[in-house]
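Accompanying notes for the structure given below.
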Protein chains: 4
Amino acid sequence: MGTREKILNAAKAQFANKGFHGTLMSDIAQSAGVGKGTIYRYFPSKEELFGSIINSQLESFENRIRVAANSGDSERDVLMDIAKIHFEEYRASKEVIEILVMEGLNKIGDIKQDFKKGIAKIEQIVSQVISKGIYNGVFRDVDPKRTAVIFLGLIWTVLKHGIVMEERDLEKKYFDTIFDIIFHGLLCPDY
Amino acid sequence: MGTREKILNAAKAQFANKGFHGTLMSDIAQSAGVGKGTIYRYFPSKEELFGSIINSQLESFENRIRVAANSGDSERDVLMDIAKIHFEEYRASKEVIEILVMEGLNKIGDIKQDFKKGIAKIEQIVSQVISKGIYNGVFRDVDPKRTAVIFLGLIWTVLKHGIVMEERDLEKKYFDTIFDIIFHGLLCPDY
Amino acid sequence: MGTREKILNAAKAQFANKGFHGTLMSDIAQSAGVGKGTIYRYFPSKEELFGSIINSQLESFENRIRVAANSGDSERDVLMDIAKIHFEEYRASKEVIEILVMEGLNKIGDIKQDFKKGIAKIEQIVSQVISKGIYNGVFRDVDPKRTAVIFLGLIWTVLKHGIVMEERDLEKKYFDTIFDIIFHGLLCPDY
Amino acid sequence: MGTREKILNAAKAQFANKGFHGTLMSDIAQSAGVGKGTIYRYFPSKEELFGSIINSQLESFENRIRVAANSGDSERDVLMDIAKIHFEEYRASKEVIEILVMEGLNKIGDIKQDFKKGIAKIEQIVSQVISKGIYNGVFRDVDPKRTAVIFLGLIWTVLKHGIVMEERDLEKKYFDTIFDIIFHGLLCPDY
DNA sequence: GATGAATGAGTGTTCATTCAT
DNA sequence: GATGAATGAACACTCATTCAT
């Protein structure tokens, strides 16, 4: 494994465990098995190292979601795919998702701006999916932008809940409930 | 205004603006118009000052939500009331809600534990409301606990979205959309 | 008991227990049962309060020792009286002696200078006693000044030892040994 | 000179000059010609730095005294050697002895306990020397433990006197007088 | 390229002292 | 005269960053 990669992996583990402020550069160096100075040969600062992690994960999300959105599947299935992508990334890289969910919005340098931009892009993709779904008669006539926010919010909420409450097998429990409610609503037909 | 209150207000504003780690005790002192040492007459540490703010807001939420849950109204209306309470508290004290939403789960002393406990209590109340709603034929037969998590998470997410994206008139925009979707679902009857 | 006296007693107890730097003015105030501000009506500063205690004890020593020196007794007995005075004062006011022994020479303001002057005066008295003793054929022909230092040093040493090692019944144990050695020497006649 | 050594030397000088509480870490850093943070690479706290100095000197004393005690010389000479060791160490490292004498018993962390233990060990060695001296007919039949306390205390007191009164050529003045008195006593044979 | 010893700006906290009541 | 709330200068300690080797 390359040095840069070793540093990134160590940083992900440390930031996820102890948060941005709780993580020392020396922790990362030690955990990566490199000298402290070496980190600075690859990343100009702690902040940029942190930002790197956040941004690369956001890009990965954006790309995968964009692919799903253009798959040609029913918009109903696209939404389910988007949810699956989130849970998959969570399973594949719990630590990075933990960082995203817990620290993504901390007021650390320009991280927050990057995060906002990343989220906004994803929201826009989802919003377009919903618009298409409405146009194609799959979804009721809801406000697409707000609904995108709500939909993604739901997924993030469940991820966060799993992380915070330290639940195992998060996705299996919640996946069906989320879609049951978001697709069919909570109320009985009579109400 | 009492000194303690001045300090609390200044602290809320500073923590909301700059986050826990970005806020200096001297900022709070200056913004409160008191000496740095004075803060320590009222709060034993920065952490406890922060925790004080978090906990008192969580208690306020819990109490108001408990009252709403016992109001005797239809469970449908209780859920709407609970959402209204969140938006109201947000309007009344944007800064504290901002702190709760942005920093409540940071790894700062025991804050995270307090926060988790507070959230768990509220989730339990909502879970009972949903159970009753199912029993009374208002709600479909969903899993009450998971649905409570999803419902509350949704509201928090929307609050967070409003804060992060700096939207104005947050509640007016989202309130109806949230309940339209969560009550009636996203899919057209045919799907 | 007058307020000034209450403060002095409380200060003696606190300084003896916790040392100068370990004692807070608020400790003294509380232990004296007065307000913190009240101390400053009687003593201009913590340092002066401390100095007051040191100096008044040194004066008491000086006076009693001067009286003993002028008693007309044999110089042998005068030395024993001087030792007795030390042990008596220790018994009567352990705390002040503790302060004298443990903190008298700390580099706190001008305390050290006062202490040095007080000790020098006492040494001079003892030196004169020894001179007279030599003149009167009681003592061997030793250097009176150095012998005074040694004699007083012995007594202080034993006091300090008792305080540090927290021995009880200090004086009974050591009094005879000190005078046995200092009067008759350690060596057997043959050596 | 190694960094650790530079720091230790600077710390000795500063502590001796200004006492523990009067010495700032930044003073030590400046005087050592290193940055403030560098001190903390070698010593975990001001207290430990101080304790380090105290303890290493106490160990040095103990070792040298133990060697002297086992030299096989007459117990009379061993006592004189022990006194010489004290004066030698004083000459070699006035500052550390000054710290020992002036601050060794202050209530600073666990220093006092270390100091007490160190002194107790040395007292025990001396006590054994005196016991042997009595057994071998060199010393009169005195209490060995108390005599050890008195003997060592006397030496320490004279060192302290020299430091406090800022006398030069301390040892030359006092050495003979101390042993004249302590060996042969103060009284004329008739008394 | 890699290192880790050195750095010093930055921060939470303490506590003697003041002064309005 | 007595008080104790308020003060802010002072200080130990941290840690991201640098740079000589």
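Just so you know, these numbers come straight off a predicted model, no measurement behind them.
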What is the distance, rounded to the nearest whole Å, between atom CD1 of D:I39 and atom C1' of E:dA5?
14 Å
Mind calculating the distance between CZ (D:F15) and P (F:dA12) to the nearest angstrom?
9 Å
List for me each residue that meets side-chain contact (heavy atoms from CB on, under 4.5 Å) alongside A:E89, sequence neighbours excluded, and say none if there are none.
A:Q57, A:S60, A:F61, A:R64, A:I85, A:I97
State which residues pass side-chain contact (heavy atoms from CB on, under 4.5 Å) with D:I111; sequence neighbours excluded, sorted by chain then number.
D:F50, D:I54, D:I108
To the nearest angstrom, how far is D:L49 atom CG from F:dC13 atom P?
10 Å
Would you write the dot-bracket representation of DNA chain E, where each base gets (, ), [, ], | or . depending on whether it forms a Watson-Crick or G-U pair under 3.5 Å and with which partner?
.||||||||||||||||||||
Taken to the nearest whole Å, CZ/A:R4 to P/E:dA2 is 13 Å
Using the test ring pair (Phe, Tyr, Trp, His ring centres under 6.0 Å), find all partners of C:Y42 that sit at least two apart in sequence or belong to another chain.
none
So side-chain hydrogen bond (donor to acceptor under 3.5 Å, both in side chains) across residues 99-120 of chain D, not counting sequence neighbours, yields D:N55-D:D114, D:E103-D:N106
Rounding to an integer number of Å, can you tell me how far B:R41 CZ sits from F:dG8 C1'?
15 Å
Only counting residues at least two apart or in another chain, list the ones meeting ring pair (Phe, Tyr, Trp, His ring centres under 6.0 Å) with B:F43.
none
Can you tell me the distance, in whole Å, between the CZ atom of B:F43 and the P atom of E:dG12?
16 Å
Within residues 42-62 of chain D or reaching into it, pairs that qualify as salt bridge (Lys or Arg N to Asp or Glu O under 4.0 Å) - sequence neighbours excluded
D:E62-D:R66, D:E62-D:K121
Any side-chain hydrogen bond (donor to acceptor under 3.5 Å, both in side chains) involving residues 16-41 of chain C? Give me the pairs, sequence neighbours left out, ordered by first then second residue.
C:Q14-C:K18, C:K18-C:D27, C:H21-D:H21
To the nearest 0.5 angstrom, please state how far the CG atom of D:L49 sits from the CD1 atom of D:I53.
5.0 Å
Assign a letter to each nucleotide of nucleotides 13-21 of chain E from its 5' end: B, base within under 4.0 Å of a protein heavy atom; S, sugar-phosphate only; -, no contact.
BBBSBB---
Does a side-chain N or O from D:Y42 land closer than 4.0 Å to OP1 or OP2 of E:dA6, or not?
yes
Measuring to OP1 and OP2 of E:dA6, would you say a side-chain N or O of D:T3 lies under 4.0 angstrom away?
yes
Rounding to an integer number of Å, can you tell me how far B:K18 NZ sits from E:dG12 P?
11 Å
When rounded to whole Å, the CD to P distance for the pair D:Q30 and E:dA6 reads 18 Å
So how far is it from D:I7 CD1 to D:M1 CE, rounded to the nearest 0.5 Å?
10.5 Å
